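The structure presented is a predicted model; accordingly, all values stated were derived computationally and were not measured.
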Amino acid sequence: MTEIGARLWVVPGGHIPFPSTGPEPAFTGFDQLCVLNTTDTRADTEMHLYYEDAEPVGPYAITVDARRVRHVRLNDLIDPEAVRLDRPYGCLLRSPVPVVVQFLRQDTRLPGVVALTAAMAYPA
C-alpha cells in the first residue's frame with residue numbers, strides 16, 4: 001500500500017460551538033477530526049491544543065489502526081483535560097506514520113439550523 005499524508009498536521013481555527021439547540025448527540029455542536037491511516041502500521045498520534053489565553057494542553061492520544069480511518073469528536077476528549085467549549089483554539093497533531101487529517105464542524109446554535117463546515121488540516 002502506498003503511504004500518503006504527512007506526520008505533522010495543523011488546524012489553526014478550532015472553536016466548538018456552544019450551546020446547541022438540537023437533541024443530543026446527533027444535533028450537538030462539535031468539532032471533529034477525521035484521521036486516515038493508509039499504512040500497514042498503527043498510528044499512535046498525539047494532539048496538542050493551543051488557546052489564545054491559556055497554556056497549551058496535551059497530549060491527547062488518538063490511535064488509528066493500520067489501513068483504517070477514525071473520526072474523533074473533540075468534545076469527547078477529556079484526558080488530560082476536557083476540551084474547552086466556545087473557546088478559540090488551534091491544534092497540532094503528530095503521527096509516527098504519514099496520515100491524512102480532515103477537520104469538520106457542526107454548528108447547531110440557531111434553532112432548526114444545522115451548519116456543517118469541512119476543511120483539510122494543513123500538513124506542516
Side-chain angles (χ1 to χ4, degrees):
M1 176 58 89
T2 302
E3 294 181 357
I4 61 171
R7 294 173 187 245
L8 183 63
W9 291 87
V10 178
V11 175
H15 177 261
I16 298 173
F18 185 80
S20 296
T21 59
E24 297 209 18
F27 293 101
T28 301
F30 62 81
D31 281 0
Q32 176 177 278
L33 292 182
C34 175
V35 183
L36 171 64
N37 178 7
T38 65
T39 72
D40 292 328
T41 305
R42 185 174 80 183
D44 293 315
T45 71
E46 291 186 345
M47 183 181 69
H48 287 81
L49 296 181
Y50 294 82
Y51 295 99
E52 61 186 20
D53 59 352
E55 288 298 311
V57 179
Y60 293 89
I62 300 172
T63 299
V64 185
D65 288 330
R67 300 179 313 278
R68 298 289 186 266
V69 65
R70 180 162 178 208
H71 295 84
V72 179
R73 287 173 75 141
L74 273 64
N75 307 43
D76 297 337
L77 298 176
I78 58 170
D79 186 26
E81 73 176 43
V83 175
R84 299 167 191 177
L85 302 179
D86 208 25
R87 300 268 305 273
Y89 69 86
C91 75
L92 182 70
L93 184 93
R94 291 183 193 278
S95 175
V97 298
V99 295
V100 177
V101 179
Q102 181 183 34
F103 176 77
L104 175 72
R105 172 173 298 131
Q106 176 171 287
D107 189 344
T108 61
R109 289 177 288 185
L110 296 175
V113 177
V114 176
L116 290 173
T117 304
M120 292 303 296
Y122 179 78

Quick one: list whatever passes salt bridge (Lys or Arg N to Asp or Glu O under 4.0 Å) with Asp79, sequence neighbours left out.
-> none
Taking only distance into account, with no hydrogens and no angle test, what donor-acceptor pairs under 3.5 Å do side-chain atoms of residues 11-20 form with protein atoms, sequence neighbours excluded?
| unit_1 | atom_1 | unit_2 | atom_2 | d |
| --- | --- | --- | --- | --- |
| His15 | NE2 | Asp86 | OD1 | 2.9 |
| Ser20 | OG | Gly29 | N | 2.6 |
| Ser20 | OG | Thr108 | OG1 | 3.3 |

Flag side-chain contact, heavy atom, 4.5 Å: Leu85 against Asn75 | yes
So Val72 and Leu77, side chain to side chain contact (heavy atoms under 4.5 Å, CB included) or not? Walk me through it.
-> CA-CA 8 Å; Val72 179; Leu77 298 176; 3.9 Å; yes
Can you list, pair by pair, the side-chain donor-acceptor contacts under 3.5 Å of residues 48-57, counting residues two or more places apart and other chains?
| unit_1 | atom_1 | unit_2 | atom_2 | d |
| --- | --- | --- | --- | --- |
| Tyr51 | OH | Arg84 | N | 3.2 |
| Asp53 | OD1 | Arg87 | NH2 | 2.5 |
| Asp53 | OD2 | Arg87 | NH2 | 3.3 |

With sequence neighbours excluded, what pairs up with Arg42 under the salt bridge (Lys or Arg N to Asp or Glu O under 4.0 Å) test?
-> Asp44
Give, for atom OH of Tyr60 and atom CD of Glu46, the distance between the pair rounded to the nearest 0.5 Å.
-> 12.5 Å
Candidate pair Thr28 and Arg73, rule side chain to side chain contact (heavy atoms under 4.5 Å, CB included), full reasoning = CA-CA 11 Å; Thr28 301; Arg73 287 173 75 141; 3.7 Å; yes
Output all residues satisfying side chain to side chain donor-acceptor pair (under 3.5 Å) with Arg70, sequence neighbours left out; order by chain, then residue number.
-> none
Would you indicate whether the side-chain heavy atoms of Leu33 and Met47 approach each other to under 4.5 Å?
-> yes
Distance from Arg68 atom CZ to Thr39 atom OG1, nearest 0.5 Å?
-> 11.5 Å
Scan the side chains in residues 109-124 for donor-acceptor partners under 3.5 Å anywhere in the protein, sequence neighbours excluded, and list what turns up.
| unit_1 | atom_1 | unit_2 | atom_2 | d |
| --- | --- | --- | --- | --- |
| Arg109 | NE | Asp107 | OD1 | 2.9 |
| Arg109 | NE | Asp107 | OD2 | 3.1 |
| Arg109 | NH2 | Asp107 | OD2 | 2.5 |

Solution key, residues 89-97 side-chain donor-acceptor pairs under 3.5 Å, sequence neighbours excluded:
| unit_1 | atom_1 | unit_2 | atom_2 | d |
| --- | --- | --- | --- | --- |
| Tyr89 | OH | Asp31 | OD2 | 2.6 |
| Ser95 | OG | Val97 | N | 3.3 |
| Ser95 | OG | Val97 | O | 2.6 |

Note: Ala43 and Val99 closest approach over all heavy atoms is CB-CG1, 4.0 Å
